[in-house]
Colleague: 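Below you'll find the structure I mean.
Counting starts at 1 for both ligands and their atoms, in listed order. Note that this is a predicted model, so its numbers are computed, not measured. All residue numbers in this chain count up from 1 along the given sequence.
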Amino acid sequence: MTLPKIKHVRAFTVRGGGADYHDQGEGHWIDNHIATPMSKYPEYRQSRQSFGINVLGTLVVEIEAEDGTVGFAVTTGGEPAAYIVEKHLARFLEGRAPTDYEKIWDQMYFSTQYYGRKGLVINAISGVDLALWDLLGKLRQEPVYHLLGGAVRDELIFYATGARPDKAKEFGFIGGKMALHHGPAEGVEGLSKNIAELADMRSKVGEDFWLMWDCWMALDVDYATRLAIAAHDLGLKWIEEAISPDDYWGYAALKRNVPKGMLVTTGEHEATRWGFRMLLEMDCCDIIQPDVGWCGGVTELLKISALADAHGKMVVPHGSSVYSYHFVITRHNSPFAEFLMMHPGPTEVVPMFHPQLLGEPVPENGRMKVTALDKPGFGVDLNPDIAMHRPYTH
Ligand SMILES: C[C@H](O)[C@H](O)CC(=O)C(=O)O
Ligand SMILES: [Mg+2]
């Protein structure tokens, strides 16, 4: 069957939550004194928005085929990513067959390599790649997970990220990952507060519920090691993104230092097969956590995942909503998924990219049946009530 060619690529920006999940209003758990690499500056300690964590906003990429079918995707990247999509990447898609995603990815990556490789440019490439897979699914009237090889199990199981693992347990999740609140600049007192918070949560959730810490690149190897040792008796399952994503040597050291049985995880700010190859070959972690909207999209994630499989490592994507769900259900080495709790409390389960998508499935009792994904493409629509802005055209 010959599919219609790609006619047009468009990029928009959107504000307010959604794919840029740090772009939340006041009082949200995700911006409440969370340890970051900027916490060494007291003026940026209380709020991540104060140093600009939400400065980019959401990027929406639309790809229209000649028959009028539109595929779309959302990721983080906002206006600068919209510029890259419209002025640079669109040329590699328009007039091409939507089945040519390998060649399109290769051309997007190597044409931007001199200013890209990681970060914003790869977010933009990821957005285009995901919109292309959405278009392919819509043209073939199949869910993306069918195009990726089909489901290897009949449901997804989730852990929840948020400030209330006790609530996550009530909601049926398999574990709860909390943001670490105090970084090295808050000294021994901060470290004791971190441990006290973990102890408090352990007393609420009982012995067997998974508890994890997300350290959002805030620590150094020494602090992370001391924290891990102190948290071991409280059953911390994993310590996540403890140090800078550029410090592969530090991760390798941390993995050697943590108590036996505790896992080291990282990778949400890593990109492409080459970045993940460093993490895997240097034995930096136990689980890699690519964000599907930031690592290069699904086309690249398939390569990253195969590499991880060959190294005997799990791939549990960071956030990524439907883009993660359609991938995780197809891989044996992705046995569970993350659910980011985007309710401000978080005391309710709301869709991860709320309010930007319509039809975005949510776990029920911490699980999601594969049938929840049985719609063409990624199975979601853009919420027409959200104002979209197209800052550039080509
Ligand atoms: C809670 C973390 O600081 C971050 O906002 C989300 C994240 O890294 C994760 O879900 O993983
Ligand atoms: Mg994380």
Side-chain angles (χ1 to χ4, degrees), residues 17-25 28-39 44-56 58 75-76 123 158-165 167-168 173-183 194 197-198 201 210-219 224 227 236-245 251 254 263-271 279 284-295 314-321 323-325 328 334 336-346 349-354 363:
D20 190 352
Y21 59 87
H22 289 122
D23 193 22
Q24 303 289 344
H28 199 287
W29 73 266
I30 209 156
D31 202 24
N32 184 16
H33 199 111
I34 288 174
T36 80
M38 293 294 282
S39 302
Y44 296 124
R45 207 170 275 166
Q46 180 52 37
S47 157
R48 297 196 277 191
Q49 292 194 6
S50 70
F51 69 73
I53 197 170
N54 61 335
V55 77
L56 291 172
T58 293
T75 184
T76 321
N123 290 17
F158 291 88
Y159 77 87
T161 298
R164 296 292 304 273
K167 279 277 168 201
F173 290 95
I174 56 172
K177 185 173 81 188
M178 299 180 285
L180 188 80
H181 285 129
H182 308 281
N194 286 329
E197 283 171 24
L198 180 63
M201 196 48 74
W210 296 1
L211 283 179
M212 296 79 91
W213 252 330
D214 189 311
C215 308
W216 213 74
M217 307 166 278
L219 314 180
L227 191 69
L236 188 74
K237 185 168 178 71
W238 76 61
I239 180 161
E240 175 169 324
E241 224 192 5
I243 57 177
S244 162
Y251 275 106
L254 181 62
L263 306 178
V264 173
T265 72
T266 193
E268 71 183 71
H269 296 103
E270 189 53 84
L279 289 177
C284 293
C285 56
D286 299 284
I287 301 179
I288 59 165
Q289 301 167 305
D291 185 297
V292 194
W294 304 344
C295 72
M314 287 185 263
V315 181
V316 180
H318 167 253
S320 320
S321 180
Y323 308 114
S324 165
Y325 310 155
V328 170
S334 301
F336 56 90
E338 173 177 16
F339 188 75
L340 252 167
M341 300 281 283
M342 293 322 300
H343 181 269
V349 177
V350 298
M352 203 188 293
F353 284 176
H354 171 82

Colleague: Does ligand 1 come near enough to Glu240 that some N or O of the ligand is less than 3.5 Å from an N or O of the residue?
Modeller: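 Indeed, backbone or side chain, Glu240 has an N or O that close.
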Colleague: Of all the atoms in ligand 1, which lie at a distance below 4.0 Å from a heavy atom belonging to Ile30?
Modeller: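 Atoms satisfying the 4.0 Å criterion: 5 (O).
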Colleague: Which atom pair, heavy atoms only, marks the closest approach of Asp291 to Glu268?
Modeller: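 Here Asp291 and Glu268 meet closest at CB-O, 4.1 Å.
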Colleague: Can you give me the closest heavy-atom contact between Phe173 and Tyr159, atom names plus distance?
Modeller: CD2-C, 3.8 Å
Colleague: Might you point out which heavy atoms bring Ala168 and Ala160 nearest each other, and give the distance in Å?
Modeller: CB-CB, 3.7 Å
Colleague: Which atom pair, heavy atoms only, marks the closest approach of Pro317 to Ser320?
Modeller: CB-OG, 4.5 Å
Colleague: Compare Ile53, Asp214, Thr161, Asp31 and give the one whose heavy atom is closest to atom 9 (C) of ligand 1.
Modeller: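 Looking at heavy atoms only, the winner is Asp214.
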Colleague: Given side chains that start at C-beta, do those of Trp29 and Met178 come closer than 4.5 Å, heavy atoms only?
Modeller: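 No - every pair of side-chain heavy atoms lies 4.5 Å or more apart.
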Colleague: Measuring from the Mg ion (ligand 2), name the closest N, O or S atom belonging to Glu240.
Modeller: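 Atom name returned: OE2.
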Colleague: How close do Gly183 and Ala35 get, heavy atom to heavy atom, and via which atoms?
Modeller: N-CB, 3.8 Å
Colleague: Identify the protein heavy atom lying closest to atom 10 (O) of ligand 1, giving its residue, its atom name and the separation to 0.1 Å.
Modeller: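 Minimum-distance protein heavy atom for atom 10 (O) of ligand 1 reads Glu338 OE2, 2.5 Å.
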Colleague: Between Arg48 and ligand 1, which part of the residue brings a heavy atom under 4.0 Å of the ligand: side chain, backbone, both or neither?
Modeller: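 Looking at Arg48 and ligand 1, just side chain atoms fall under 4.0 Å.
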Colleague: How about Asp214: does one of its N, O or S atoms come closer than 2.8 Å to the Mg ion (ligand 2)?
Modeller: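 Under 2.8 Å: Asp214 contacts the Mg ion (ligand 2) through an N, O or S atom.
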Colleague: Below 4.0 angstrom from a heavy atom of Lys177, which ligand 1 atoms are there? Numbered from 1 as shown, please.
Modeller: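 The atoms of ligand 1 under 4.0 Å from a heavy atom of Lys177 are 9 (C), 10 (O), 11 (O).
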Colleague: Looking at Glu268, which of its N, O or S atoms is the nearest one to the Mg ion (ligand 2)?
Modeller: OE1
Colleague: Below 4.0 Å from any atom of ligand 1, is there a heavy atom belonging to His22?
Modeller: yes
Colleague: Within the side chain of Glu338, is there an N or O that forms a donor-acceptor pair under 3.5 Å with the backbone of Gly319?
Modeller: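 Looks like yes, one N/O pair under 3.5 Å.
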